[in-house]
Amino acid sequence: MSIPTDFAPDRQRARALDQRMHAELGRSVRLVVDACRDRLALDYDALDTLCSTLEAGVTHPPTTFAFYYDAVTALLEEDEARAARFLDALAQQQPLSSTQEVGALDNGSRGQCYRERMTAEMSTGLSLHTPDPDTTRNFIDCYRAAMDLLRQTARPLADEIQSIVHDVIAVTGGPDDEGEFHGGSHYQLWGALFLNAQLHNTRIAMAEVLAHESAHSLLFGFCTHEPLTLNEDSEHYPSPLRSDLRPMDGIYHATFVSARMHWAMNQLLQSPLISEQERDQAQAAVARDREHFEAGYFVVAQHGKLTTLGDSLMKNARHYMDVVAHP
């Protein structure tokens, strides 16, 4: 299935990407299950049902992806007991009953899975915790207000977010953290988006971070068959959104999402629904996002070894910044 690489948000494409992610997972799980039939005692009826529903593109929780990766890792390490535990967990996964959940990081098995996966990829000195009830309520209210604003001013983005983000998780950092976690996602937790509930406490800030983090997820969705870049991970370059040097894939992501943030803020600026104070915030964000895009694009253009997919997506982002968003 060919997926268009146009820059602007697109609900139909987002749904296609979401279905493809689940279908590809279903095919991969089936290969693992078939390889284990003569080796492990598992609920194969449940696993076969899971494979069929995934292959049909039915949306499942982000934990379904995580348990698959954990099972494969355990099998590669020849730890069959651990692999069986994760495959048992996979067998219990059920389709989502709603398109999107919004709430706090919990302290159960789901929260443990999320916390372990996210913190493994985060900078040292950062941690994820459950917000207190008041902070969680304020976060949910702000999220809903920002999404309502996007539905009225940037509907394609709101629809895209609704199509590929199935679990919005409010978190906080720890008192002894050496930095501040703003938000993030993980390719092994497709459908999950993590946001710091103590930040992004205005409609404009929330809308911008949603454009940011959902764009990372969008890029993950594009890459089921082809990466964005071919640079070695050991090659590090300046990044527009980080003070430390980053691999090219991270710089590519930062550059693309900066253009997506610009798109969202530009849509808001064309609307009469925002206040003068919000307009000032959006105008400052537009200038900042353009600066970040140009800084990242310079590095990508100079050093990036882009695939056909990566080249097409970046060319369309460049076209938006040059033509559509030209001041």
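Heads up: numbering here begins at 1 and tracks the sequence. Treat the numbers as computed from the prediction; the structure is a model and nothing was measured.
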Practice task
Output the distance between atom CE (M118) and atom CD1 (I169), rounded to the nearest 0.5 Å.
Solution key: 8.5 Å

Practice task
Find out whether T49 and D45 are in side-chain contact, i.e. whether some heavy atom of one side chain is under 4.5 Å from a heavy atom of the other.
Solution key: no

Completion exercise
Rounded to the nearest 0.5 angstrom, the CZ-OG1 distance for R82 and T73 is 7.0 Å

Practice task
Mark yes or no for whether Y44, through its side chain, and C36, through its backbone, hold a donor-acceptor pair below 3.5 Å.
Solution key: yes

Problem - Shortest non-hydrogen separation from L218 to R13 and the atoms involved - result: CD2-NH2, 4.3 Å

Problem - Output field: ring centroids F65/H22 closer than 6.0 Å - result: yes

Handout entry: Candidates V300, I251, L245 - the one meeting side chain to side chain contact (heavy atoms under 4.5 Å, CB included) with Y237
Key = I251

Practice task
Give the C-alpha distance, both sets of side-chain angles, the deciding distance and a yes or no for salt bridge (charged side-chain N to carboxylate O under 4.0 Å, His left out) between R110 and E101.
Solution key: CA-CA 13 Å; R110 163 187 168 273; E101 296 288 340; over 6 Å; no

Practice task
Evaluate whether atom CD of E232 has more than 12 neighbouring non-hydrogen atoms of other residues, nucleotides or ligands under 6.0 angstrom away.
Solution key: no

Problem - Reported CZ-to-CD distance for the pair R279 and Q270, which is rounded to 0.5 angstrom - result: 10.0 Å

Exercise for the section: Over all heavy atoms of both residues, which pair between P131 and L105 is shortest? Give the atoms and the distance, please. Expected result: CD-N, 4.4 Å

Exercise for the section: Fit a plane to each ring of F7 and F256, take the angle between them on a 0 to 90° scale, and name the class: parallel (under 30°), tilted (30 to 60°) or perpendicular (over 60°). Expected result: perpendicular

Problem - Spacing of CD belonging to E278 relative to OG1 belonging to T202, to within rounding of 0.5 Å - result: 7.0 Å

Handout entry: CE on M314 to CG on L306, rounded to 0.5 Å
Key = 7.0 Å

Problem - Contact summary for L273 and R203, nearest pair of heavy atoms - result: O-NH2, 3.3 Å

Problem - Side-chain touch T229/P247, heavy atoms, less than 4.5 angstrom - result: no

Handout entry: D244, CG atom: more than 12 neighbouring heavy atoms under 6.0 Å
Key = yes

Completion exercise
Interatomic distance, CD1@I3 vs CG@L17, rounded to 0.5 Å, equals 4.5 Å

Practice task
Report yes or no: do W263 and D289 form a side-chain donor-acceptor pair below 3.5 Å?
Solution key: no

Practice task
Consider only side-chain N and O atoms of Q152 and S271, and report whether a donor and an acceptor are under 3.5 Å apart.
Solution key: no

Handout entry: Min side-chain heavy-atom separation I161-L193 under 4.5 Å
Key = no

Problem - I140 and T136: CA distance, side-chain angles, deciding distance, side chain to side chain contact (heavy atoms under 4.5 Å, CB included) verdict - result: CA-CA 6 Å; I140 293 173; T136 299; 3.9 Å; yes

Handout entry: L199 vs E180 side-chain heavy atoms within contact, under 4.5 Å
Key = yes

Handout entry: Beyond-backbone contact of H292 with V257, side-chain heavy atoms, under 4.5 angstrom
Key = no

Handout entry: For D167 against Y114, the heavy-atom pair lying closest together
Key = OD2-OH, 2.8 Å

Practice task
Check the pair L54, Y68 against side chain to side chain contact (heavy atoms under 4.5 Å, CB included), reporting the backbone distance first and the verdict last.
Solution key: CA-CA 12 Å; L54 286 171; Y68 160 76; over 6 Å; no

Handout entry: Distance-only polar pair, side chains of E213 and H182, donor-acceptor under 3.5 Å
Key = no

Handout entry: R288/E291 salt bridge by N-O under 4.0 Å criterion
Key = no

Exercise for the section: Compute whether any side-chain donor of one residue and acceptor of the other, for T172 and Q198, lie under 3.5 angstrom apart. Expected result: no

Practice task
Would you name the heavy atoms of W190 and S217 that are closest together and state the gap between them?
Solution key: CZ3-O, 3.1 Å

Practice task
Answer yes or no: does atom CD of E226 have more than 12 heavy-atom neighbours from other residues, nucleotides or ligands under 6.0 Å?
Solution key: yes

Handout entry: Side chain proximity check, D249 to N231, heavy atoms < 4.5 angstrom
Key = no

Exercise for the section: Measure the shortest side-chain to side-chain distance between R117 and T63 over non-hydrogen atoms and say whether it is less than 4.5 angstrom. Expected result: no

Practice task
Give me the ring orientation class for Y143 and F139: parallel if the planes are under 30° apart, tilted from 30 to 60°, perpendicular past 60°.
Solution key: parallel

Practice task
Determine whether the side chains of D88 and Q92 contain a donor N or O and an acceptor N or O closer than 3.5 Å.
Solution key: no

Problem - Worked check of side chain to side chain contact (heavy atoms under 4.5 Å, CB included) between N138 and N201 - result: CA-CA 8 Å; N138 291 337; N201 49 16; over 6 Å; no

Problem - salt bridge (charged side-chain N to carboxylate O under 4.0 Å, His left out) between D79 and R85, worked out - result: CA-CA 10 Å; D79 189 339; R85 289 198 299 273; 5.6 Å; no

Practice task
Determine, step by step, whether E294 and R318 satisfy the salt bridge (charged side-chain N to carboxylate O under 4.0 Å, His left out) criterion, reporting the C-alpha distance in whole Å, the side-chain angles of both residues, the deciding distance to 0.1 Å, and the verdict.
Solution key: CA-CA 9 Å; E294 297 298 345; R318 176 76 268 178; 2.7 Å; yes

Practice task
Identify the residue among R151, R11, R15, R260 that makes a salt bridge (Lys or Arg N to Asp or Glu O under 4.0 Å) with E160.
Solution key: R260

Practice task
Locate the shortest heavy-atom distance separating M147 from A158; write the atom from each residue and the value.
Solution key: CE-O, 3.8 Å

